[in-house]
Structures are given as C-alpha cells and as structure tokens.
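Input: a single structure, listed below in structure tokens.
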Amino acid sequence: MKNKIISLLKKKDSKDYLFLLSMKPITVSIGFIITFLLTASFGAQGYGKYVIVLSFIAIVSSFFDLRSSEIIVRYFSKYKDEEKYDKAIGIFWYGIILSFIVGCLVVLVVYLLANLASQGLYNSTDLNSLFIVYAFSPLSAFLTPISFAFFQIYGVVKFIAVYELIYSLLKLFVVYFFGDSLASILIGFVLIGFVLSLGVFYFSLKYIKNDILNFSIKNIRLILNKDLFNFSFHSFFSLTIKGIGREIDKILIAKFLSIETVGIYRLAQQITGVLNILSSPVGTIIYPKLVNLWNSGNIDGYKSLLLKIVFIMFIVTLIPAIFVYILDDNLIMYFWGEEFKESIIMIDIMLVGIVIGNMFNPLVRPVFLSIGKPKLSVYGNLYQLFLTLVVFYISYLYFYSLAPAITLSVVTTLYIITFYIPQLFKLKKSYI
C-alpha cells in the first residue's frame with residue numbers, strides 16, 4: 001500500500017503528503033486533550049456552548065468569505081506562468097485587502113446579531129458575549145489564508161502542517177492555564193491567531209519576489225475582470241452554502257434537542273474525525289496538480305489520478321474505521337463517562353458516512369475548481385443543504401437524539417452517489 005501511495009504522486013508530493021500525514025496524529029491527539037479538558041471543566045452543556053460559538057462564527061464568516069487563498073492559487077500561478085507580473089502583484093494585494101474586509105464584516109455582523117442568534121437560534125441567553133469575543137478570530141488571522149496560498153503555489157505545504165501543530169499547542173496552553181471560563185479561552189484563541197498570522201505571513205514572504213511588495217492601485221485594476229468576478233462569485237456562494245450545511249446540524253440540535261446534545265454529538269464527530277487524518281492532506285496537495293493536468297489537456301491522467309486516490313482512500317480509511325467501531329464504547333466510558341454515553345451509538349452510525357465521505361470529499365472542491373466549474377460546487381452544496389434539512393427532520397421524528405448521526409451518514413452517501421459521481425463521469429476534454 002505504501003508503494004501505491006508513493007507511485008501515485010511525484011516524489012516531492014509524496015514527501016509532502018507523508019509529512020502532513022505524520023503531523024496529523026499529533027494535532028489530533030492535542031485536540032483530544034483539549035476536548036478532555038473542556039468537557040472535564042464545563043461538562044456536556046459547557047462544551048456544547050463552546051462548540052456553538054465556534055460554529056456560529058464559522059457560519060457568519062462563510063457569508064463573506066470569498067476564499068482569497070483559492071483566488072491567489074488559481075490566478076497568481078496563472079499570471080506568474082504567463083510572466084504577467086503586474087497582474088500577479090494585483091492578485092497578491094487583492095487577496096490581502098479582501099481577507100481584511102471579510103474579517104471586519106464578520107465582527108460587525110456578529111455584534112449586530114449576537115443577541116438575536118443566542119436566543120432565537122440556540123435557545124440560550126448567555127451566548128451573545130461569547131459570540132462577540134470570538135468574532136474577532138477571522139480578523140485577527142486574516143493574513144493566514146494568504147500565506148497558505150503561497151505555500152501551496154511554491155510547493156511547501158508542509159509549513160501548513162507546522163503552523164497547525166504550533167496553533168494546536170498554543171490552544172492547549174491557553175485551555176490548560178487560562179481555562180477558568182469560556183470567555184478567557186476564546187480571547188486566548190483570538191490572540192494566538194493574531195500572533196501566528198503575522199509570523200506565518202512574514203515567513204511566506206521569502207517565497208515571493210521583492211517586486212510583489214511594490215503596491216500600486218493600478219495593479220488591482222488590471223485583474224478586475226469578468227473571469228475573476230465569476231470565479232469569486234461562485235466560490236463565495238458555494239462556500240456560503242457549504243458553511244451553512246457544515247454547521248447547521250449544531251443549530252438544529254440546539255433548537256430541537258439541547259445544548260448538551262450538541263456537546264455529545266461534537267465528541268462523536270471528533271472521534272470519527274480521526275479517520276480524516278489520512279484524507280485531509282489530499283485536497284491541499286492535489287489541487288495544484290489537478291489544475292496543471294486539466295490545463296495541459298491531460299484528461300486521461302486527470303481521471304486516472306482521481307480513481308487511484310479514491311481506491312487508496314477507501315482501503316486506508318476502512319481499516320481504522322473497524323478499530324474505532326470495536327474500541328469506541330470503552331474509550332467513551334473510560335475518558336468521558338456516563339454523561340457522554342450516547343455518543344457511542346452516534347459514532348457507530350457515523351462511521352458509514354465517514355468512510356464513504358473520505359473516499360470522495362477531499363477531491364470534491366479541488367475537482368470543480370480545477371476544471372473551472374465552481375458553480376458545480378454551488379449546486380452540490382445547495383443539494384447537500386436540502387438533503388440535510390429533509391433527512392434531519394425525518395430522522396428526528398423517528399429516532400430523536402440519533403437524528404444528527406443518521407443525517408451525517410445518509411446525506412454524505414446520497415450526495416456522493418447521486419451528485420458527485422455523476423459529475424465525474426461527465427468530465428470531458430471539451431470542458432476546457
């Protein structure tokens with residue numbers, strides 16, 4: 001199996017994948033320690049509030065996030081290869097300004113809606129102050145996605161893993177030493193996000209030519225065209241729907257079940273998320289490669305790469321899924337106790353969707369973006385959101401508290417079978 005993975009990508013890509021893979025168990029382990037500390041200190045209800053705050057800010061951010069990092073990867077690379085350096089400069093500064101504006105808008109909107117969201121969406125009266133505190137998180141780290149984009153472009157994605165490891169360690173430090181309240185923890189997260197954003201951006205500048213830093217407003221005007229706006233609009237709309245779809249389960253659980261169930265469900269998500277260790281680096285590494293294959297017209301190579309990745313992801317995800325199924329009951333009862341017992345059956349149900357999802361989900365967005373069809377991602381995310389609402393409602397009527405886990409597995413399976421796979425079969429050279 002190792003030889004298949006190595007032969008799948010170029011030698012350097014393989015090293016990057018294996019490096020990212022080696023970092024994931026460490027960051028995941030740190031995440032479990034953080035979760036254990038939070039649940040031990042605040043219980044299922046307090047942990048549920050913590051999850052809701054992060055979820056709400058993610059939803060609001062998705063309404064404004066135009067994915068400046070994806071714009072830079074797509075267009076900076078294009079203009080650089082075409083030696084249109086004035087346009088490359090424009091894309092660089094366009095991405096920075098866009099990311100900063102998004103951060104400011106998130107703070108403003110959360111401030112205006114915090115009280116309404118706390119009572120109206122989550123049936124709670126004490127979440128609004130936490131919402132406002134954590135609303136500064138996207139703004140404090142607005143340079144981070146810009147840096148990640150250049151790490152992808154210049155083939156040094158391993159620095160993304162290093163950043164995530166450092167960030168996880170600092171979050172653990174905050175939770176352990178300043179974990180007397182959720183507010184102090186969230187403030188600490190915002191501060192370390194700001195410091196790391198400045199550091200990683202400074203480090204990324206070494207990969208950019210000096211003349212990129214020479215700012216002129218005309219450079220931005222050069223790149224403002226229909227193609228850019230079309231890509232940005234579809235990317236924005238797609239990610240808004242995707243962000244809502246990814247986080248709406250927490251809203252539905254808090255609204256129809258309880259905040260405690262949010263915490264229990266999130267723990268089940270985190271344990272099944274261990275299986276994402278093998279699949280999560282794939283999209284980061286493979287996106288630039290897919291772009292190159294598609295732009296060069298190598299459609300056979302493009303399809304072959306996708307099929308090999310799907311097959312390998314199935315094998316390497318299925319094996320750990322079996323171990324999680326066998327060990328989850330002992331794990332939950334030993335570390336989290338009776339309060340989180342319901343997460344055991346949730347985990348068993350969710351494993352089906354996780355295995356199927358890991359085969360395809362890391363490739364969904366990279367494929368649609370690489371072929372220049374971001375609107376497919378929009379349609380897919382709308383379809384997923386619709387499925388989530390329908391399946392959750394039906395599951396809630398018949399299975400009550402198990403509805404979130406059933407929804408995850410059923411929606412993932414239906415989306416892959418009825419939408420994504422048919423789109424793969426439609427890949428044609430005429431799309432170029």
Go through the structure and list residues passing ring-ring contact (aromatic ring centres under 6.0 Å, His included) with [X], not counting sequence neighbours.
X: Y400; result: Y396
X: Y134; result: none
X: F100; result: F142

Nearest 0.5 Å, please: how far is [atom2] in [Y] from [atom1] in [X]?
X: Q45; Y: I259; atom1: CD; atom2: CD1; result: 6.0 Å
X: K250; Y: S55; atom1: NZ; atom2: OG; result: 5.0 Å
X: F131; Y: L54; atom1: CZ; atom2: CG; result: 10.5 Å
X: I271; Y: I347; atom1: CD1; atom2: CD1; result: 3.5 Å
X: I264; Y: I332; atom1: CD1; atom2: CD1; result: 10.0 Å
X: Y265; Y: I253; atom1: OH; atom2: CD1; result: 5.5 Å

Could you check whether any side-chain heavy atom of [X] comes within less than 4.5 Å of a side-chain heavy atom of [Y], counting everything from C-beta outward?
X: I315; Y: F311; result: yes
X: P404; Y: L257; result: yes
X: F419; Y: Y379; result: yes
X: V200; Y: L143; result: no
X: L331; Y: F335; result: yes
X: I185; Y: F178; result: no
X: V174; Y: I187; result: no
X: F392; Y: D249; result: no

Compare every heavy atom of [Y] with every heavy atom of [X], then report the nearest pair and how far apart it is.
X: I349; Y: S409; answer: O-OG, 2.6 Å
X: I417; Y: P422; answer: O-CD, 3.4 Å
X: V133; Y: V190; answer: O-CG2, 3.8 Å
X: V175; Y: I34; answer: CG2-CG2, 3.9 Å
X: A141; Y: P145; answer: O-CD, 3.5 Å
X: V355; Y: A321; answer: CG2-CB, 3.6 Å

- Evaluation steps, ring-ring contact (aromatic ring centres under 6.0 Å, His included), between F36 and F32: CA-CA 6 Å; F36 178 77; F32 272 113; over 10 Å; no

- Message: Applying side chain to side chain contact (heavy atoms under 4.5 Å, CB included) to F56 and I251, what does each step give before you reach the verdict?
- Response: CA-CA 9 Å; F56 179 67; I251 297 177; over 6 Å; no

- Query: Going through the checks in order, is the side chain to side chain contact (heavy atoms under 4.5 Å, CB included) test met by L165 and I30?
  - Reply: CA-CA 9 Å; L165 175 59; I30 295 171; 3.9 Å; yes

Is it the case that more than 12 heavy atoms not belonging to [X] sit under 6.0 Å from its [atom1] atom?
X: F136; atom1: CZ; answer: no
X: K341; atom1: NZ; answer: no
X: Y383; atom1: OH; answer: yes

- SB check K49 D126 (cutoff 4.0 Å):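 Salt bridge between K49 and D126, a charged N being under 4.0 Å from a carboxylate O: yes.
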
- Member of D328, L351, T261, L267 meeting the side chain to side chain contact (heavy atoms under 4.5 Å, CB included) criterion with M346: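 Answer to the side chain to side chain contact (heavy atoms under 4.5 Å, CB included) test with M346 among D328, L351, T261, L267: T261.
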
- Lys/Arg cation over aromatic F189: K171, 6.0 Å, 45° cone: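 Relative to the ring axis of F189, which defines the angle, K171 lies inside both limits.
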
Side-chain ([X]) to main-chain ([Y]) donor-acceptor, under 3.5 angstrom:
X: S62; Y: I59; answer: yes
X: Q269; Y: M350; answer: no
X: E339; Y: A44; answer: yes
X: N358; Y: M313; answer: no
X: S41; Y: L37; answer: yes

- Please walk me through it: do F173 and L169 pass side chain to side chain contact (heavy atoms under 4.5 Å, CB included)? CA-CA 6 Å; F173 175 84; L169 287 170; over 6 Å; no

- Verdict with reasoning, Y167 to T27, per side chain to side chain contact (heavy atoms under 4.5 Å, CB included): CA-CA 9 Å; Y167 186 50; T27 55; over 6 Å; no

- Query: Can you find a side-chain donor-acceptor pair between S184 and S181 that sits under 3.5 Å?
  - Reply: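 The criterion, which ignores hydrogens and geometry beyond distance, is satisfied for S181 and S184.
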
